[in-house]
Amino acid sequence: MDYKSDHEKNMKKERTFLMIKPEGVEQGLIGEIIGRFERKGFKIVAMKLLKISREVAEKQYEEHRGKDFFEGLVSYMSSAPTVSMVIEGENAIGVAREMAGATDPKLAKPGTIRGDYGIDIQRNMIHASDSEEAAKREISIHFPDITG
Ligand code: CMP
């Protein structure tokens, strides 16, 4: 017999990849942003602060290669330190995307990270993986030696 409610059946323990963008580090918002995920109950399973290389930024945003914003995006993301992390929890991928808000801060709702702190579409404060495949791929790019 399965005694789980529909709600419980829809819950799925996942990992997702997040990156606080250069403007978040620059503006001293690291603690504020990480705190939101901690208070939501997510566990941080890996984290690092560093200036990523252009090559890593290109890998991260491979799906956008060829788009008019690609060059600017990879230059920007490799221009100054960012915070990369992996968080874990129920429905982490979708919940983190909701907490991040719409890509364009002008359209992001108040209470979301981009809605509260985003500056423009490039400087939108945070990246969060948009699917299971993307989460796996992005985690392996930034944390290839993750074990637990
Ligand atoms: P992110 O979630 O990190 O994924 C791709 C990023 O490209 C996105 O957030 C934006 O910061 C950036 N970007 C810049 N210009 C655009 C655009 N016109 N449309 C979508 N994303 C853009």
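Atom set for the values below is all heavy atoms of this structure, side chains included, hydrogens, waters and symmetry mates excluded.
Counting heavy atoms from C-beta on, the side chains of I30 and V25 come closer than 4.5 Å. With contacts defined as side-chain heavy-atom distances shorter than 4.5 Å, the pair I113/R36 qualifies. At least one side-chain heavy atom of V95 sits under 4.5 Å from a side-chain heavy atom of F42. Inter-residue side-chain proximity for K136 and F17 is flagged as unmet; no heavy-atom pair is nearer than 4.5 Å. The shortest side-chain heavy-atom distance between K21 and R123 does not fall under the 4.5 Å cut-off. Within the 4.5 Å cutoff, the side chain of E23 has heavy atoms near those of the I119 side chain. The side-chain heavy atoms of F69 and H64, taken from C-beta on, include a pair separated by under 4.5 Å. Using a 4.5 Å heavy-atom threshold, the side chains of F37 and L18 count as touching.
E138 and Y61 form no side-chain donor-acceptor contact under 3.5 Å, judged by distance and modelled atom types alone. Between the side chains of Y117 and Q27, no donor-acceptor pair of N or O atoms lies under 3.5 Å.
One finds the CG atom of L29 at 8.5 Å from the CD1 atom of I20 (value rounded to the nearest 0.5 Å). With rounding to the nearest 0.5 angstrom, the CZ atom of R114 is 13.0 Å from the NZ atom of K106. Note: Q60 CD to L73 CG = 8.5 Å, rounded to the nearest 0.5 Å. Here OG of S79 is found 9.5 Å from CD1 of I52. Values are rounded to the nearest 0.5 Å. Atoms CG and OG, on L49 and S84 in that order, are 8.5 Å from each other to the nearest 0.5 Å. With values rounded to the nearest 0.5 angstrom, K59 atom NZ is found 6.5 Å from I141 atom CD1.
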Next on the checklist: Would N124 and T103 count as a side-chain contact (heavy atoms from CB on, under 4.5 Å) here? Give the steps.
Outcome noted: CA-CA 7 Å; N124 63 354; T103 304; 3.8 Å; yes
Next on the checklist: As a quick check of understanding, evaluate side-chain contact (heavy atoms from CB on, under 4.5 Å) for R54 and S75, giving each step before the final call.
Outcome noted: CA-CA 7 Å; R54 194 184 166 83; S75 296; 3.2 Å; yes
Next on the checklist: For a side-chain contact (heavy atoms from CB on, under 4.5 Å) check, start with the C-alpha distance between T112 and E98, then their side-chain angles and the critical distance, and finish with the verdict.
Outcome noted: CA-CA 7 Å; T112 64; E98 271 187 49; over 6 Å; no
Next on the checklist: Apply salt bridge (charged side-chain N to carboxylate O under 4.0 Å, His left out) to residues K13 and E88 and explain how you reach the verdict.
Outcome noted: CA-CA 7 Å; K13 191 168 168 182; E88 180 181 277; 3.5 Å; yes
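For the pair R15 and E132, the salt-bridge criterion is not met [side-chain N within less than 4.0 Å of a carboxylate O]. At a threshold of 4.0 Å, the pair E62-R65 counts as salt-bridged, since one of the basic side-chain nitrogens sits closer than that to a carboxylate oxygen.
No path of Ile, Leu, Val, Met, Phe, Trp and Tyr side chains, each step under 4.5 Å between heavy atoms, connects F70 with I121, placing them in separate hydrophobic clusters. Following chains of ILVMFWY side-chain contacts shorter than 4.5 Å, one cannot reach M47 starting from M19, and the two form parts of different hydrophobic clusters. I146 and M85 are assigned to two separate hydrophobic clusters, defined by single-linkage of ILVMFWY side chains at heavy-atom distances under 4.5 Å. V74 and V83 fall into different hydrophobic clusters, where Ile, Leu, Val, Met, Phe, Trp and Tyr side chains are chained together by heavy-atom contacts under 4.5 Å. Side-chain heavy atoms closer than 4.5 Å link hydrophobic residues (I, L, V, M, F, W, Y) into clusters, and following such links, even through other members, never connects V45 to I87.
Between the D116 side chain and the G111 main chain, a donor and an acceptor come within less than 3.5 Å of each other. Between the side chain of N91 and the backbone N or O of K12, at least one donor-acceptor pair lies under 3.5 Å. K48 places a side-chain N or O within 3.5 Å of a backbone atom of H142 that can act as its donor or acceptor partner.
Surrounding NZ of K43 are at most 12 heavy atoms belonging to other residues, nucleotides or ligands under 6.0 Å away.
Scanning both residues, P22 and M77, for their nearest heavy atoms gives CD-SD, 3.9 Å.
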